Asker: 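Here it is, the structure, as C-alpha cells.
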Amino acid sequence: MAAETQIPGSGASLGARVLRAPALHSVIAAVLVGALFLVGTGADPVGAYGSVVSGALGPDGIGSTLTTGTSIIGLAVALAIPMRAGLLNLGGDGQLVLGGIAAAATGLYSPLPAPLTVAAALLAGMAAGAGYAALAAVCQNRFGVPLLVSSLLLGYPAMSFASYLARFPLKEDGSSLPQTRRLPDGVELPALGSSTVTVGLLLVAVAAAVFAFADARTATGYEIRMTGLNPRFAAYAGVDRPRLTLRLMALSGAVAGLVGAIGVLSFPYRFIDGSLTAAGHTWTGLTAALLAAAAPLGTVLAALFFAALEVGGLAMERTTEVPRELTQVLQAVVIVFLAARLNLTWRRARKKPGEQPTDETEVKEVSVR
Amino acid sequence: MSIDSALFHSALLALTPILLAALGGTICERAGVFNIGLEGMMLIGCFSGVAGSWFTGSAWLGVVFAALASAAYSMILAVGTISLRGDAVVLGVALNLLAVGLTGFLLRTVFGVQGTFSDPELAGLSGIDIPFAGSVLSGHSALVYLAWAAVAVAAVFLARHPWGLRLRGVGETPDAAATLGVSPAKYQYAAVLTSGVLCGLAGAQLALGNVTLFSENMTAGRGWIAVVAVMLGRALPLGVLLAGLLFGIAEAVGFRLQGLGMPQQATDAAPYVVTLAALFLSTARRRRRKQPLVGAPS
C-alpha cells in the first residue's frame with residue numbers, strides 16, 4: 001500500500017522511480033507470458049526476443065524506433081497530462097486526426113512563405129486538437145457526461161469528419177487513394193541529419209520537458225497532482241475542478257494535435273485517410289502513460305520502450321515469422337498485471353467490501369509533503 | 001428514404017450484439033463492478049465463435065465456444081478487480097487492448113491470414129423463420145430472439161428473484177450484504193462471468209449471425225456503445241433495451257442513407273452522435289433531479 005500511495009516523484013531518485021517495483025514486475029511478467037506464447041506457437045523465445053532487441057536498437061532499427069517513438073511519446077505525453085489529475089482522455093485518435101487534417105489544410109492553402117507555413121500548420125494542428133478535446137471537457141462540465149465516455153464518443157465523428165475532408169474537399173485530383181495533395185515544397189519538418197527522424201522529435205521532447213517542469217516545479221502542477229491523488233481534498237483546498245478539467249483537456253488535445261501535425265509535415269507530407277490512426281499509437285501512448293502512472297519522465301521512457309517493442313516486433317516478424325501482434329499482446333499484458341496493483345483515483349467512489357480508506361488518512365498522506 | 005420493414009430488420013441486427021453486451025454490463029454494474037471491457041470480451045467472442053465454427057463445422061458449437069472463451073477471458077477482470085482490488089477502468093481498457101492484439105495474433109497463427117478470415121465453408125448461424133411474424137421479426141438467428149428473452153429474464157431476475165435482489169444489495173452496500181451472510185465476491189464473480197458469457201454471445205452474433213467472417217477489430221466500438229447504453233438505460237434491462245434500439249435504428253438509418261448517396265463518413269458518425277446526444281439529454285434531465293449517472297467514475 002505504501003508504495004502505491006506515495007506521491008510519484010517525491011524524493012525517490014530517478015533510478016528508483018524507473019525501477020519502481022510494480023511497473024518493473026509487470027514488464028517482467030509480461031515478457032514471461034510472451035515467452036509462453038512463443039513456446040506455444042513453436043518459436044524460440046530467446047531468438048524471438050533477441051530479434052526484437054536487435055531490430056529495435058540495432059543500427060538499422062534505431063531511426064525507426066525514434067520515428068515511431070515521436071508519435072508514441074507525443075501521444076503518451078498528451079494522455080498523461082490529464083491522467084495526472086485522474087482524468088482519462090480516450091479521444092486521442094480524434095484529436096490526433098483533427099490536428100493532422102488542420103495542419104494539412106493550413107499547409108496547402110497558407111499564403112505565407114514555407115517556414116512560416118510550417119509554424120502555422122503546427123499551430124493549427126494544436127489549436128484543432130485543443131479545441132476538440134476541450135469540447136469533451138465541456139460535455140463533462142456542462143452536461144455531466146463522464147469525460148471517459150464523452151472524449152471517446154467524440155473521437156468517432158472527428159475521424160469521420162477528417163476522412164470526409166481527405167476524400168472530398170481536400171482530395172488529390174486524379175488519385176485513387178483517399179489522400180490530400182502533397183504539401184508545397186519546403187512545407188515540411190526538416191530531418192535530423194540524414195535520418196528519417198525529424199525535428200518533430202524535438203518538438204515532442206519540448207512538450208515532454210514542459211510537462212515535466214510544470215509537474216515538478218509549478219503551483220499548477222502541484223494542483224494537478226493533488227487533484228489526481230485526492231479530488232475531494234483538492235476541491236476543499238480550492239481547486240476549481242471544472243476549470244482544471246477544461247485546461248488539462250485543451251493541453252492534452254493540443255499535444256495530440258501537434259503529433260497529428262508532425263505526422264502530416266513528415267514523410268509522405270500529406271494527410272492520408274486512416275494512416276495516422278492505423279498503427280494504434282494513441283492506445284500505445286495511453287498504455288505507456290498508465291504504465292508510468294502519468295509521471296512525465298516515466299511516461300517518456302515507457303513510450304520509448306513500447307516504440308522499441310513495436311519496431312522490434314516488425315524485425316521479429318521478418319526473421320522468425322512470429323506475428324508482430326505479439327508485441328501488442330505484451331503491451332496489454334503489462335497493463336493487466338499493473339492494473340491489479342494500481343490504486344488510481346478515478347476508481348469508483350463506491351466502496352468495495354473490506355476496503356474503506358477513510359478520508360482522514362488520505363489527507364494525512366498528502367499533507368506530509 | 002422510405003421507412004420499411006427491411007430498415008427495422010437491419011436495426012434489429014445492429015441492436016442484438018450491443019444489447020447482449022449491454023445486458024452483461026448491466027449485471028456487472030448492479031453488482032458494483034464497472035465493466036468497460038465489454039468491447040474486448042465481445043471481440044474474443046467474435047474470434048472464438050469463428051474458430052469454433054470453423055473447426056467443428058457447426059455454427060452452434062462456435063456459439064458455445066464463444067461463450068466459454070469470453071467467460072474465461074472475463075475472469076481476468078474478475079480476479080483483477082474483485083480479488084486483487086485493481087482499478088476496473090484501467091483493467092477494462094487493458095482487456096480491450098489485449099483482445100485486439102490477441103485476436104490479431106491468433107488470426108495469423110491459427111488461420112495464417114492477416115486482416116480478415118472468411119471462407120465459404122465457414123458455417124454461419126442460419127435464420128429461423130417464424131410463421132405469421134412478418135418480415136421484421138422473422139428470419140433472424142436464434143441469438144437475436146435470445147437477446148430479447150435475455151432482457152425479460154434479466155429484468156425479472158433483478159427485480160424479483162432473491163439472487164437478483166442479493167446481487168443488487170452487493171452492488172449497493174457490500175458491507176451490509178456481507179453482514180447478512182451474502183458473499184459479495186461470489187456474486188460479483190458470477191456477475192462478471194455472466195457478462196463474459198453474454199459478450200461471447202454478442203460476439204458470436206456479430207461474427208456468425210450478422211456476417212460470417214472474422215476481421216481484426218470488427219467490434220469497432222460496439223462494446224463502448226454498450227457501455228454507454230448501460231449508462232443511458234440506468235442499468236435497467238428495459239432502459240438498456242431502449243438505448244440499444246436507439247443505436248440500432250441510427251445505424252440502420254445511416255446505412256440506408258448511405259445507399260441514397262450520402263457520404264459514408266457522415267453516416268458512420270451518426271450512431272455515435274445520436275448516442276452522445278441521447279446521453280446529453282438524459283444526463284441533463286437527471287442532473288435536474290440530482291440523480292447521479294450510473295457508471296460515472298467520480
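If you're wondering where the values come from, they're calculated on a predicted model, not measured in any experiment.
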Asker: Can you measure from CG (B:L107) to CD (A:E325) and round to the nearest 0.5 angstrom?
Answerer: 8.0 Å

Asker: Find out whether A:F337 and B:L84 are in side-chain contact, i.e. whether some heavy atom of one side chain is under 4.5 Å from a heavy atom of the other.
Answerer: no

Asker: Just how far is it from atom CG of B:L97 to atom OG1 of A:T284, taken to the nearest 0.5 Å?
Answerer: 7.5 Å

Asker: Look at atom CZ of B:F55 and say whether more than 12 heavy atoms of other residues, nucleotides or ligands are closer to it than 6.0 Å.
Answerer: yes

Asker: Rounded to the nearest 0.5 Å, how far apart are CD1 of A:I335 and CG of B:N96?
Answerer: 13.0 Å

Asker: On a heavy-atom basis, which atom in A:P323 and which in B:T109 lie closest, and how many Å separate them?
Answerer: CG-CG2, 3.8 Å

Asker: Could you tell me which portion of A:V322 (side chain, backbone, both or neither) has an atom closer than 4.5 angstrom to a non-hydrogen atom of chain B?
Answerer: side chain

Asker: Counting only non-hydrogen atoms closer than 4.5 Å, does A:R167 touch chain B with its backbone (N, CA, C, O), its side chain (CB onward), both, or neither?
Answerer: side chain

Asker: Is chain A contacted by the side chain of B:I76, its backbone, both, or neither, given a heavy-atom distance below 4.5 Å?
Answerer: side chain

Asker: If you draw a 6.0 Å radius around CE in B:M262, do more than 12 non-hydrogen atoms from other residues or ligands fall strictly inside?
Answerer: no

Asker: Could you tell me whether B:Q114 atom CD has more than 12 heavy atoms of other residues or ligands within 6.0 Å of it?
Answerer: yes

Asker: Start with the C-alpha gap between A:F168 and B:Q265, add the side-chain angles, then the distance that decides, and say whether side-chain contact (heavy atoms from CB on, under 4.5 Å) holds.
Answerer: CA-CA 10 Å; A:F168 299 99; B:Q265 289 71 37; 3.6 Å; yes

Asker: So for atom CZ, which belongs to B:F255, do other residues, nucleotides or ligands contribute more than 12 heavy atoms lying within a distance under 6.0 Å?
Answerer: no

Asker: With only heavy atoms counted, which part of A:L147 is less than 4.5 Å from chain B, the side chain, the backbone, both or neither?
Answerer: neither

Asker: Quick one: of B:T103, B:L77, B:L276, B:D268, who has the most non-hydrogen atom pairs under 4.5 Å with chain A?
Answerer: B:L276

Asker: Under the side-chain contact (heavy atoms from CB on, under 4.5 Å) criterion, do A:L90 and B:W224 qualify, and how do the steps go?
Answerer: CA-CA 11 Å; A:L90 292 184; B:W224 289 104; 3.6 Å; yes

Asker: Could you look at A:L326 and say if it's the side chain, the backbone, both or neither that has a heavy atom under 4.5 Å from chain B?
Answerer: both

Asker: CZ of B:R108 to OG1 of A:T41: how many Å apart, nearest 0.5 Å?
Answerer: 11.5 Å

Asker: How long is the span from the CZ atom in B:F34 to the CG atom in A:L148, to the nearest 0.5 Å?
Answerer: 6.0 Å

Asker: Apply side-chain contact (heavy atoms from CB on, under 4.5 Å) to residues B:L279 and A:L153 and explain how you reach the verdict.
Answerer: CA-CA 11 Å; B:L279 208 49; A:L153 286 179; 4.3 Å; yes

Asker: Tell me, side chain or backbone of B:Q264 under 4.5 Å from chain A's heavy atoms, or both, or neither?
Answerer: neither

Asker: Is B:V93 close to chain A through its backbone or its side chain, or both, or neither, when contacts mean heavy atoms under 4.5 Å?
Answerer: side chain

Asker: Sort B:I225 into side chain, backbone, both or neither according to what part of it lies under 4.5 angstrom from a heavy atom of chain A.
Answerer: side chain

Asker: Would one find more than 12 heavy atoms of other residues, nucleotides or ligands at under 6.0 Å from atom CZ of A:F161?
Answerer: no

Asker: State, to 0.1 Å, how close A:P157 and B:A269 come at their nearest heavy-atom pair, and which atoms those are.
Answerer: CA-CB, 3.7 Å

